[in-house]
Amino acid sequence: MNSQLTNLQSKPPRSPDRKGRQVSTKGLYQRAVKQAFLKLDPRVQLRNPVMFLVWIGTIVTALVTINPNLFGNATDKNPMVFNGLITLILLFTLLFANFAEAVAEGRGKAQADSLRATKSDSIARKLSPDGSIQDVSSTELRKGDLIKVIAGDVIPADGEVTQGLASVDESAITGESAPVLKQPGTDIASSVTGGTRILSDELVIRVTADPGKGFIDRMIALVEGAERSKTPNEIALTVLLAVLTQVFLIVIATMLPIAQYAKAPVSIAVLIALLVALIPTTIGGLLSAIGIAGMDRVAQFNVIATSGRAVEACGDISTLILDKTGTITLGNRLAEEFIPVNGHSLKELAQVALNASIFDETPEGKSIVILAEKLGASLTVDRSTATGIEFSARTRMSGTDLPNNIEVRKGAVDAVKGFVRSRSGQIPDELDAKYESVSRLGGTPLAVCQDNDIYGVIYLKDIIKPGIKERFGQLRRMGIRTVMLTGDNRITASVIAAEAGVDDFVAEATPEDKIEVIRAEQAKGKLVAMTGDGTNDAPALAQANVGVAMNSGTQAAKEAANMVDLDSDPTKLIDIVTIGKQLLITRGALTTFSIANDIAKYFAIIPAIFAGAGIGQLNVMGLASMQSAVLSALIYNALIIPALIPLALKGVKFRPLTANQLLSRNILVYGLGGIIAPFIAIKIIDIAVTAVGLA
Amino acid sequence: MNIVQDLFKSIRIVVALWILTAVLYPLLTWGIGQTLFSNQANGSLVLNAQGQPIGSSLIGQPFKTDRYFWSRPSAIEYATLPEVAKTGASGASNLAPSNLALFDRIKPEAQRLRQSNIKPTADMLYTSGSGLDPHISLESAQAQIPRLSQARGMEPSRLQELINQAIDDRILWILGEPGVNVLKLNLSLDQK
Amino acid sequence: MLQGWIQIALILVTVIILTPLLGKYIARVFLHETTFLDPIFGPIDRAIMRTIGIHEAEGMSGWQYVQAVLISNIVMGIAVFSILFLQPILPFNPNQVGGLTWDLVLHTTISFLTNTDQQHYSGETTLSYGSQVFALGFLMFTSAATGLAVGIAFIRGLTGRSLGNFYQDLTQSITRILLPISFVGTLLLIASGIPETWAGTAQVTTLEGATQAIARGPVAHFEMIKQLGENGGGFFGINSAHPFENSNGLTNFIETVAMVAIPSSLIYTYGIFMGNLRQAWLVYGIVLAFFIPLVVMTAWGEFQGNGQVNTLLGSMAPNLEGKEIRFGWSLSSLWAIATTATMCGAVNAMHDSLMPIGGFSTLLNMFLQIVWGGQGTGTAYLFIFLILAVFLTGLMVGRTPEFLGRKIEKAEVVLASVILLIHPIAILIPTAITLLLPENLTGISNPGFHGLSQVVYEYTSAAANNGSGFQGLGNGTIWWNLTTSVAMLLGRYVPIVALILLADGMQRKQPVPMTDGTLRTDTGLFTGVTGVVILILGVLTFLPVLALGPIAEAFQLSSGL
């Protein structure tokens, strides 16, 4: 059938209610406040052109607070107080933006700490080529080194098991308490992650990543934000924000002589206030927090992303390639029914099926044994006298060689037919009918034979995950196509595909088919995401735009992927796509909001500062005075940043809608809201400012 | 493609397009214009009985004496100033509606009209765009009938008739605004 | 009054009816499909292409296209500069006008080369017939054709086609579009009284005995391409207010329609290139949504007239200062908006004397540059705004923004931003510097807020390659000639380079198939969003100068000076 039959381990899917690793937020806000001040360092500010301009503005207004006549005679009333207030508000604008970033980083850091807790420097036993053991610090390990770990050790680096058999506690990274068996050779169980703890026995491990380059290290760097490189989208947005900032800088800088000429002179402090109000400080201040929070959300989902770019690419995915087993259906197919042919009785069939499965440790094999025993069959042969024949992708059969040269086999119907024919047996006519009837039920038919006699068909039932159809429906609405890959025959595959509601399927697929499906989709300009675990998935994972490797998968698969799911839950691909989209939506929503705010700020400030030019009637908001108008707009501009921090960190709630529905919804909330909200807020602040006598 | 190649291509294409657009096209339109619409193509000149040009039917003239219907005020005196005698000219006041100089000019103008018992109309106070506007509004022409009737001893009804004949109406009843062609009107006064 | 509105509506409807017809024709030309003019112009095209050694026109890459545009424009510029500079010794100068200062020659050359046609001179008193026809008349074709070619290359790139060959596009713009229409239009203009003569100024003795100099010349052919190519540089100083440039309602109709026809139709052409006419009409809707209110506002302002003068008259009368009787308030207002919307820059009434609301509207048009906008470039700018709107709001659907199936990434944002940025740079910075230098202030002829508008208008007109002016400004000095030259060059070539490179980059991208997750740009909602983005990005930048210019002037006027 497929590799699932040889799975040594199969983990229950993560319970959906446990969202993310619990990280401590104690002291987070205090630390963030401290960070907010530390980040006033101009070298830090220089990274963000928008906020850097605010920083310079603050310095200048501070200067004209100390000496209001620095750039010519001050015309405002109480210039020192007024300029001082502006300076103060600008400073708070900076602090709020810094605070937002610090909170996001702090949460990331907490996340990272919990990852790092497992990863203290330890002493590793390095195996020299001559076989001697040398104690070295884990940080000195290099790719390719061989190390030995024994029970109780923390595995010092990511690697691949080359010798030994041991159980490993991976709860530090997966949150699953059940230990996992590790042994060399097998695709799935041979990879170990640095930071996990070996519980029993010992292993020899070949290190596959230099220290600091392992998955956890990469994730720590990403969630902490320190190493975060901006994603392409973020860079493009930063460019646009920088350009808007430059435009407004020109507008404000040239306003001095223009206003002078129109005999409506404006003071430097007011101009800087107007500049800060107009440049996109809201999004500028929150942009990095949004990015960090996005990575943090990915980490909360227990997924390790190798780059922010990969997370962002998730939003653009238009095709998901999903393995049937484990993703669409529950991993374990169970024997549902035995259907005898060739005149054999049900009990005879059960007995042969049982005999064929005595060495089969897969859940499918065990379920066959259970069903057979229920039907009255019992173990009649001594295990020690029989030989198990393992499933292989080539033979597509497994079974047992019993004493007296009796061979019992079960497997794909075609394979068993071939086996029987090779022993010059007859293929009963009814077999195909039974086979088809099972397939039509969406089940997997396994033929059972003893030597050259076909006894019947086992109906293995696939159970489609509850709720999966609705999720695919949501994906379709979002414009994402789902393609199911399965080793099943066409009929079975089509039945399951229809039941699960995927858009397309590839039956009788080999791992090589995956890469071809991906290439075909990509040739159409689509971005493809897939999950995989085996070594033979590696090329496909690398080819896919977003490749999510299961943590239980091989090192090769993990290397090729750009994300690793620590829970090894393939269904999570859908969540990751949602996170990617949410990241982009949050960025877009706050940008739109920020720019839409400008209209109200203009209407607050321009009529006020140019009242001398007789355009006071444009003061549609009825703000009390020039000074209160400027202060109100500026206070609004500062306060909106902390007000939006929760949204920036949590992300805009994602709804599985079509692009146009999303646009109309978000335009209504963030566009129209962005135009209207500041009118109301500035007016309220104006009333408050006037009431307390600030201006 | 290197720069020199582009340079040579550019030079050749510039010459070719120049011949087409700056030589052939003007030459052809000039030829057709002169042949088919000789009068219009040469400026729609109006000749007197002696065959000498006394103006153009499309270009306004200054009329300030009592014997003629007055034309609109012009910022350039209808190109009759000696400094532009060689070339001709066109021009406007370019005064902003908020410019006090506009009122300084309009007030005496309105005064002058009122003294001649003419109710001031907008077109007689505002200078035209070209400074060569051949028209005045029907209202402005009619307001001058009593003055002309007195100066020339003509019946007001006859003057009204001449005004009606001098109207350049909308083209196809829809395009443009009607106006009384002052030169045409004043010529008809002289020809009575 | 009703008549006035009906005429505005009539011209507008004519333009709209013409749009799909001409738009389809332009698309056929540039998609190299057969047209009915092939038998006449096919051989001419081929002959011209052969002279430059092109037999089978091959597509150009972005930089090749840019290089071809720049080099050919430099060659044209040098040729025209020489003709103008040598005017006193060249023939075809019946009125024996003298030489020009070098700075005026430079300004005039750049002005016509960039399709701006800002004039710091008065045609009839300054230029010989030869200079007008052989220098400026030539540039009127090539500058319009350059714009058109760039506009076409831009949409080719956006829709994944090769950018095309600049020399071929330049030639075909002229032979297939500009020249045939100009030819037919010219004959209509001559029949309506526009002169086409090489005879010099006529001296006549008026009825009252004064000597009147009636300037004339080879006007009609010049006039038609001036309008059609959105050039706007008048043969006479006072442009289309002059009876010899625009003699009656019919010529005014032809000239108004001509100046809007190509930029209007080009949107439809874009629709054909995109294979999405719905998108084209929606974009057209954005343009009308700006254009119609501006026309109505301006016309209403002029119709109401100057309150202060109305008090004097004792009744409400339209503001006829700087206007011709034959055009009245309505056709003058429509023209003022059409000429600033399309970057034509010809005038049939004096903008300096427009009511403040008219000054506001004309300025706004030029700030935006997309209410149809310049020949070729205007439609491209419209799509730049679509791209920016897609980028700003497109993130809100949770995907990397796409336009016409291609991703908008950093390179596109950078190039689109250049276009966004160059306008304030070329307008506000020189305005501010000018106001700081007291010797320049003497050129400002109208005091107060309107004086500020004059300066802003001058640089806006230059940077937007419009060419109209608040003509009271004494702009014939070295300062104005040189600074506006810089503004024109920046406003023309920087965006052209950005447009071509943007299109080139888009063309090279792998198209992304359309899914339900794709943000559709051809919806009413997105069109509305784009309109607001245009308002915010385009208008907010210039709101302060509008506030201190025409808006302050309006309040000043209403409060009784």
Side-chain angles (χ1 to χ4, degrees), chain B residues 1 6-7 9-14 16 18 21-22 25-26 29-30 33 37 40-44 53-56 58-59 61 65 78-80 84-92 94-99 110 120 122-123 126 128-130 132-135 137 170-171 175-177 179 186, chain C residues 48 51-52 64 67-68 71-72 75-76 95 124-125 133-134 137-138 141 167 186 190-191 193 195-197 201 204 206-207 210 212-216 218 221 236-238 241-243 247-250 253 306 317 320-326 328 349-350 352 355 446 450 471-472 553 556-557:
Chain B
M1 199 187 293
D6 256 336
L7 191 64
K9 277 187 185 166
S10 289
I11 291 171
R12 278 181 288 188
I13 201 163
V14 163
W18 184 79
T21 61
Y25 163 63
T29 47
W30 172 78
F37 313 104
Q40 292 100 310
N42 290 305
S44 309
I54 53 152
S56 162
L58 295 176
I59 303 286
Q61 292 191 354
T65 61
Y78 290 92
T80 55
V84 296
K86 204 171 68 174
T87 58
S90 55
N94 281 310
L95 290 173
S98 60
N99 194 338
D123 55 311
Y126 288 120
S128 64
S130 60
L132 303 169
D133 195 345
H135 299 116
S137 67
R170 292 191 169 96
I171 304 222
L175 301 173
E177 296 295 330
N186 285 337
Chain C
I48 292 175
T51 61
I52 61 165
Q64 284 173 338
Q67 188 176 309
I71 291 182
S72 63
V75 170
M76 294 169 198
N95 298 327
E124 60 269 53
T125 56
V133 173
F134 300 132
F138 165 66
F141 276 98
Y167 298 113
T186 300
I190 298 175
E196 182 70 39
T197 175
T201 297
V204 301
T206 68
L207 292 194
Q212 186 183 33
I214 298 179
R216 47 187 179 166
H221 84 275
F236 301 112
I238 212 69
H242 197 295
S247 57
N248 59 34
L250 179 64
F253 177 83
N306 188 332
L320 290 181
E321 183 70 15
K323 290 188 185 59
E324 301 282 288
I325 293 286
R326 62 193 182 280
M350 297 306 108
D352 220 349
M355 297 305 291
N446 287 303
H450 195 92
Q471 286 298 358
E553 189 190 3
Q556 181 194 19
L557 207 52

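Residue numbers begin at 1 in each chain, while the letters A, B, ... track the order of the sequences.
- The contact between C:Ala191 and chain B is made by backbone and side chain atoms together, counting heavy-atom distances below 4.5 Å.
- In this structure the side chain of C:Lys323 never reaches within 4.5 angstrom of the side chain of B:Tyr126, judged on heavy atoms.
- There is a side-chain donor-acceptor pair under 3.5 Å between C:Thr186 and B:Tyr25.
- Among B:Leu132, B:Thr21, B:Asn186, the residue with the largest count of heavy-atom pairs under 4.5 Å with chain C is B:Thr21.
- In terms of heavy-atom pairs under 4.5 angstrom with chain B, the leader among C:Ile71, C:Asn248, C:Val133 is C:Ile71.
- Considering CD of C:Glu321 and CG of B:Leu95, their distance stands at 5.5 Å, rounded to 0.5 Å.
- Side-chain contact between B:Ile13 and C:Thr51 is absent, with no heavy atoms from C-beta onward closer than 4.5 Å.
- Formation of a donor-acceptor pair under 3.5 Å by the C:Thr201 side chain with backbone atoms of B:Thr87 is found in this model.
- The two residues B:Ser10 and C:Ala68 come nearest to each other via the heavy atoms OG-O, 4.4 Å.
- Counting heavy-atom pairs closer than 4.5 Å to chain B, the top residue among C:His242, C:Met355, C:Arg326 is C:Arg326.
- Ranked by heavy-atom pairs shorter than 4.5 Å toward chain B, the options C:Gly328, C:Ala241, C:Pro243 are led by C:Pro243.
- Top candidate by heavy-atom pairs under 4.5 Å with chain B, chosen from C:Gln556, C:Arg216, C:His221, is C:His221.
- The CG atom of B:Asn94 sits 6.5 Å away from atom CD1 of C:Ile238, with the distance rounded to the nearest 0.5 Å.
- Taken to the nearest 0.5 Å, the OH atom of C:Tyr167 stands 3.5 Å off from the CG atom of B:Asp6.
- Residue C:Glu196 comes nearest to B:Pro26 through the heavy atom pair OE2-O, 4.0 Å, listed as atom of the first residue, atom of the second, then distance.
- Residue B:Trp18 places its CH2 atom among more than 12 non-hydrogen atoms of other residues, nucleotides or ligands, all under 6.0 Å distant.
- Once rounded to the nearest 0.5 Å, the distance linking CD of B:Gln61 with OG1 of C:Thr206 reads 5.0 Å.
- For a residue to count as touching a neighbouring chain, one of its non-hydrogen atoms must lie under 4.5 Å from one of that chain's; by this rule C:Phe134 touches chain B with backbone and side chain alike.
- Distance check, rounded to the nearest 0.5 Å: CG of B:Asp133 to CD1 of C:Ile325 gives 5.5 Å.
- Only the side chain of C:Phe253 comes within less than 4.5 Å of a heavy atom of chain B; its backbone N, CA, C and O stay farther away.
- With respect to chain B, the highest number of heavy-atom pairs below 4.5 Å among C:Ile48, C:Asn306, C:Leu207, C:Ile190 belongs to C:Leu207.
- Listed for the C:Glu124 side chain is a donor-acceptor partner under 3.5 Å among the backbone atoms of B:Ser90.
- Scanning both residues, C:Met350 and B:Ala92, for their nearest heavy atoms gives CG-CB, 3.3 Å.
- For B:Leu175, the parts sitting under 4.5 Å from any heavy atom of chain C are the backbone and the side chain alike.
- Interatomic distance, B:Lys86 NZ to C:Asn95 CG, rounded to the nearest 0.5 Å: 7.5 Å.
- Without hydrogens or angle criteria, C:Gln212 side chain to B:Tyr78 main chain gives a donor-acceptor distance under 3.5 Å.
- Between B:Pro97 and C:Glu553, the closest side-chain pair of non-hydrogen atoms falls below 4.5 Å.
- Residue B:Val84 comes nearest to C:Ala213 through the heavy atom pair O-CB, 3.5 Å, listed as atom of the first residue, atom of the second, then distance.
- Counting heavy-atom pairs closer than 4.5 Å to chain C, the top residue among B:Ala110, B:Ser44, B:Ala85 is B:Ala85.
- With respect to chain C, the highest number of heavy-atom pairs below 4.5 Å among B:Ala122, B:Pro120, B:Gly88 belongs to B:Gly88.
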